[in-house]
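Letters go in sequence order (proteins before strands), and every chain restarts at 1. Both backbone and side-chain heavy atoms feed into the values below; hydrogens, waters and symmetry mates do not.
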2 protein chains.
Amino acid sequence: MAREAGTSRSTASRALSGQGYVAAHIREDVLAAAQRIGYVPDALARTLKAQRSNVVGLLVSDLRNQFYAELAAGVEQALRAAGYQMVLVDDHGDPQQELDGAKAFVAMRATGVVLTPAAAAATELLVERGVSVVEADRRSGARGCDSVIIDSEYGAREATRHLLELGHRRIALLIDETKWATGAERLRGYRAAHRAADVPLDRRLVLDLEFQAADARSRVAELLDQHPDVTAIFAVNNLMAETAWLELRRRGLAVPRDVSLVSFDDLAWMRMVEPGLTAVAQPTYDMGRRAAELLLGRVAEREAAAESKRGPGRRRIQETLEPTLVLRGSTAAPAASPTGA
Amino acid sequence: MAREAGTSRSTASRALSGQGYVAAHIREDVLAAAQRIGYVPDALARTLKAQRSNVVGLLVSDLRNQFYAELAAGVEQALRAAGYQMVLVDDHGDPQQELDGAKAFVAMRATGVVLTPAAAAATELLVERGVSVVEADRRSGARGCDSVIIDSEYGAREATRHLLELGHRRIALLIDETKWATGAERLRGYRAAHRAADVPLDRRLVLDLEFQAADARSRVAELLDQHPDVTAIFAVNNLMAETAWLELRRRGLAVPRDVSLVSFDDLAWMRMVEPGLTAVAQPTYDMGRRAAELLLGRVAEREAAAESKRGPGRRRIQETLEPTLVLRGSTAAPAASPTGA
DNA sequence: CTGTTAGCGCATTCAC
DNA sequence: GTGAATGCGCTAACAG
């Protein structure tokens, strides 16, 4: 390539990068030559030299779930706007695969990683290796990383409060991971709303699917069989809402007449069905964008510090985005005489 | 790291890679040292040296559209299983952004690229630079690449035939790009079915949205206003189906009593609504997987050729996957006396 | 079996 | 202003 331009490699490098002195006409020549032979600088070699890549990793739990796809789209958008590339790994919510993904990211010297943690190990590994990390949607509890999440407790509380205010007293909760993070917060919100309304909790109405989504449908059926006095269901994510919706329909139960239904996470289909689903809408795309922005900010900061200024490295940033309860037709006051009582 | 193990770099390298001779006890030491300091080999440097990376690019049109998310998930799955990383770029269907994405891929020396082409330029650029390319869902017409697509004409023909057999004669087609590839094929299928059934075509019933999805809703409304004798709608992708569904409901038209509706592309919501949507189901995830597999096969082949064998480079592979018409409640015979006639 | 040497493509000194 | 030399982390070839 330098040969094509009839100059030395250094000069060519300077001409292309715009760094350092180079005669105007020489630059022309070089640019023309580059154009001619379709020269594209090797980002790898540049990274090796500069010790800083422009790739950022994204680790999500399930790309086929619209929620994560939306998140990924937001991250990609912000990243690409800033000239970064996104390497995407789908760990299927498996801590082991998550860890493998994290290792792959350090192997490829990713500048930073955005992830929806399934465990703390991945974040810890990354942070220890000096990779900037931003957790999204969940917080693993690992130290040294920023995070941006949705206020799950608030969202769950609002959804539950809405049902309680309508007069529901037997509200089933469909949830999938109560030990931790998002799941725990939503459970807390559900409880807090009950407490605030002075309505007693019934543990048997809380269906914790843990990690087995496989038999979700039958577990829901079982719960409805055992507790025919349930007048409302709060599904803690879009998958659960889907399961609940299908099961209610299979049983021929009318929504909201027989049972009211609320979803946490508002997808397009929820306004397509009749009645539309009342749902807690999350700014998912924005959460992705914000996570990427935080990451980029951190990277810039770190570079400035390395450059010279001895930046003290600000405290971790923990952002919380507010969800919104969207009222649609799937929630109404319970029938005067409950189905089962 | 070599220092930590008390040996030379080459020896360490051999121990870790398993290539070449290394005394057993020395290998132990090296492995232990690597473990201790948490050494992770630099994939970049390795790539630079080996002149072959293990990253593959994926270029899609809209990650927020479930169709592409599904495709991406399939690609990712196959890639990761083979030890490759996926770099994802969302070009929003814009040829310019697509080209930029392609350039980024050659800059990072991606081994191959899977893409859903918006134009031929990106594929051409890639192929010319020696990057293996597999096109998915669409064929740009560029040479030198493999492809895997869904049989759009067949799917469209089946969907249309289904409507014709039910007795519909005025079938509106909602389509978004008839000049090219997938859109053109679906239009052809729609026509072929009419021809086979000896039903005359009415061009005015073909609503070509081109690229402006923005006013899709109003355009559909307009069409329904002008042609009240339409008894069925065939929406050529999931977005169109969504638009049609919402517009029909807004007008208070009953599906399928007043108007039947068929979608090309079957999403989860289509079986959640009442009545369920009859749809042409595509093996989208599998298409993604298959595309990645073809790509990997091509890469392996090329390496074998470079290695020694002078492989002649097989002819391009063009796979076609069959879609399936899924019958649900949204299609039925037209009412005896059409709404408008 | 192990250490030394060299070079992948780039950017950055440093002489000229 | 420009070119020659150096090194980023790795591995393949060679010599010991």
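- Taken residue by residue, residues 3-10 of chain A places heavy atoms nearer than 4.0 Å to DNA chain D at A/T7, A/S8, A/S10.
- For A/S13 and C/dA11, the shortest distance from a side-chain N or O to OP1 or OP2 is below 4.0 Å.
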So which protein N/O to nucleotides 14-16 of chain C N/O distances come out below 3.5 Å?
none

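- Axis deviation across the helix from C/dC1-D/dG16 to C/dC16-D/dG1 amounts to 50°, comparing end segments of five pairs, rounded to 10 degrees.
- At a threshold of 4.5 Å between non-hydrogen side-chain atoms, the residues A/L126 and A/V106 count as touching.
- The side chain to side chain contact (heavy atoms under 4.5 Å, CB included) test with A/R138 is passed by exactly one of A/T116, A/I150, A/L115: A/T116.
- Nucleotides of DNA chain D with any atom under 4.0 Å from a heavy atom of chain A span, from 5' to 3', D/dG1 to D/dG9.
- In this structure, CZ in A/R80 is found 6.5 Å from CG in B/D90, a value given to the nearest 0.5 Å.
- Atom CZ of A/R3 is surrounded by 12 or fewer heavy atoms from other residues, nucleotides or ligands within 6.0 Å.
- Between the side chain of B/E177 and the backbone N or O of B/K179, at least one donor-acceptor pair lies under 3.5 Å.
- Side chains of B/R298 and B/S132: no donor on one and acceptor on the other come within 3.5 Å.
- The residue from A/R139, A/M287, A/Q318 that alone fulfils the side chain to side chain contact (heavy atoms under 4.5 Å, CB included) condition with A/V148 is A/M287.
- Interatomic distance, CG of B/L63 versus CD of A/E76, reported as 7.5 Å (0.5 Å rounding).
- B/C145 pairs in a side chain to side chain contact (heavy atoms under 4.5 Å, CB included) with only one of the listed residues (B/V133, B/V134, B/I317), which is B/V133.
- Remark on DNA chain C: of its neighbouring residues A/A50 and B/G20, the 5'-side contact belongs to B/G20, judged by nearest-heavy-atom nucleotide.
- Each of A/E98, A/E124, A/E135 was scored for a side chain to side chain contact (heavy atoms under 4.5 Å, CB included) with A/S140, with one residue passing: A/E135.
- The CZ atom of A/R9 lies 11.5 Å from the OG1 atom of A/T11; values are rounded to the nearest 0.5 Å.
- Taking atom NZ of A/K49 as the reference point, atom C1' of C/dT12 lies 5 Å away to the nearest angstrom.
- For DNA chain C, the neighbouring residues in residues 31-45 of chain A, judged by any heavy atom under 4.0 Å, are A/Y39, A/P41, A/D42, A/A45.
- The CD-C1' distance, from A/Q51 to C/dG9, rounds to 14 Å in whole Å.
- For the atom pair A/L79 CG and A/E293 CD, the distance stands at 10.0 Å (nearest 0.5 Å).
- Within 6.0 Å of CZ in A/R316 there are more than 12 heavy atoms belonging to other residues, nucleotides or ligands.
- Atom CG in B/L48 sits roughly 6 Å away from atom C1' in C/dG9 (whole-Å rounding).
- You'll find the side chain of A/M1 reaches within 4.5 Å of the side chain of A/V30, heavy atoms only.
- Residues that satisfy the side chain to side chain donor-acceptor pair (under 3.5 Å) test with B/S13, not counting sequence neighbours, are absent from this structure.
- Atom CZ of A/R46 and atom C1' of C/dT12 are 13 Å apart (whole Å).
- The backbone N or O of B/V127 sits nowhere less than 3.5 Å from a side-chain atom of B/R143 that would complete a donor-acceptor pair.
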